[in-house]
Amino acid sequence: MRIEQFAMERMQSTWENIVDYDMSESGVRPLTLRELAGLGFDLEGFLDEPLGYSQSNGTIELRERIAAIYPGASVEQIEVTNGTSEANYLIALSQLRPGDTVAMQVPNYMQMPGVARSLGADVRAFRLRTDAAWEPDWDEFERAVTPETRLLYLSNPNNPTGSILSDAAMRRIAERCQQTGTWLLADEVYLGAETGDERTQSFWGMGDRVIVTSGLSKAYGIPGVRIGWIVGPPELVADCWSQHDYITIGPSKLADRVARVAVEAANRERCYSRTRDILRHNLPIARAWVNGFGGRLSWTEPRAGAIGLMKYAADTPSLAVAERIRTKQSTLIVPGIHVGLEGHLRIWLGGREDFLREGLRRIGVELTSLFD
Ligand SMILES: Cc1ncc(COP(=O)(O)O)c(C=O)c1O
């Protein structure tokens with residue numbers, strides 16, 4: 001099976017540990033094991049954990065705790081994976097066949113198009129509208145989601161726009177998928193990382209075609225634990241488990257143990273609230289920085305997630321802008337082309353204040369000379 005390169009992930013893994021300022025991230029600065037110990041994680045017990053294989057689809061205890069997050073879900077409806085990315089991948093592997101059609105909200109985290117095409121599926125995009133606060137383009141949506149559409153992928157909250165679908169938009173999407181018999185794959189890894197008082201609703205419960213993926217990487221703030229999950233109908237989850245057996249068998253035992261603490265209800269709220277505090281602190285700093293460009297840099301402020309998607313007033317391709325910032329300022333950002341929207345830049349807002357300010361300053365030096 002041939003697969004196209006995942007442009008954004010490859011760029012990040014090539015440069016993120018080499019540059020001085022990695023502003024290409026998308027979660028908040030991560031928690032440490034010591035901080036997790038403050039949430040009740042048994043660090044001493046961790047030292048005595050036999051390093052054997054874990055339950056390949058997630059320990060029962062972990063799956064019970066995850067199931068408790070999704071009303072009506074049972075442990076058979078949960079598959080624990082190595083990150084949300086493996087969760088998405090397993091769904092594609094188990095459900096897509098050559099000739100299938102996949103609908104995809106764009107801009108987005110561009111994992112699904114590459115995976116779907118490698119499996120012989122055809123990908124149809126429907127855009128979030130830059131001129132309408134990232135409301136889906138409903139004409140494109142209707143064209144993309146038809147009885148031929150096997151799977152629809154969206155992220156809500158969305159990476160990279162930080163937008164959240166309205167209740168009406170969610171209902172419309174879920175109803176259409178129900179009518180057309182399309183799997184609705186809602187990637188909810190940013191749920192809980194809202195910048196204001198609103199809370200993102202889950203698609204879970206909005207029909208029997210709904211599959212939710214999520215994980216610990218964004219709203220929980222612990223991507224290095226590499227735990228994600230699938231919530232879906234039992235037969236689909238069983239199919240994903242079969243794929244899992246062949247790929248990685250299952251997640252690491254250490255990660256499962258950490259995850260059990262993180263997803264426990266009170267701790268989940270603690271992690272979310274830490275994330276939201278960081279975002280609320282950083283957003284005004286980013287806002288002032290954007291405003292400093294006198295309209296040549298513009299954005300719709302993110303309602304969730306630690307990223308700002310900014311439109312710049314120049315014809316230079318986004319990859320060239322990002323390369324210039326990397327080579328001249330040792331600062332990595334994500335060019336819009338890597339998230340499906342040219343003319344934009346995705347900039348990380350989840351770091352410590354001094355890091356954020358210096359990263360933005362460096363980016364600003366190059367943008368100023370680009371605009372002059
Ligand atoms: C929408 C979305 N899904 C999945 C992932 C990958 O998540 P994980 O680190 O849990 O594999 C990302 C990472 O940026 C993402 O933005």
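Just follow the structure's listing: the first ligand is 1, and inside any ligand the first atom is 1. The residues of the chain are indexed from 1 along the displayed sequence. These numbers come from the heavy atoms of this one structure, side chains and all, not from hydrogens, waters or symmetry mates.
- Around ligand 1 you find Ser26, Gly83, Thr84, Ser85, Tyr109, Tyr153, Ser155, Asn159, Asp187, Val189, Tyr190, Ser217, Lys218, Arg226, each with a heavy-atom distance below 4.0 Å.
- Arg65 and Glu61 are joined by a salt bridge, as a carboxylate oxygen and a charged side-chain nitrogen come within less than 4.0 angstrom of each other.
- The ring pair (Phe, Tyr, Trp, His ring centres under 6.0 Å) analysis of residues 234-282, with sequence neighbours excluded, yields the pairs Tyr220-Tyr272.
- The heavy-atom pair separating Asn282 from Leu349 by the smallest distance is ND2-O, 2.7 Å.
- Heavy-atom minimum distance, Glu148 versus Thr101: O-CB, 3.7 Å.
- Contact check on Arg357 versus Asp354 returns no salt bridge, with no Lys/Arg side-chain nitrogen under 4.0 Å from an Asp/Glu carboxylate oxygen.
- Side-chain atoms of Ser74 and Glu76 form a donor-acceptor pair, as typed in the model, at a separation below 3.5 Å.
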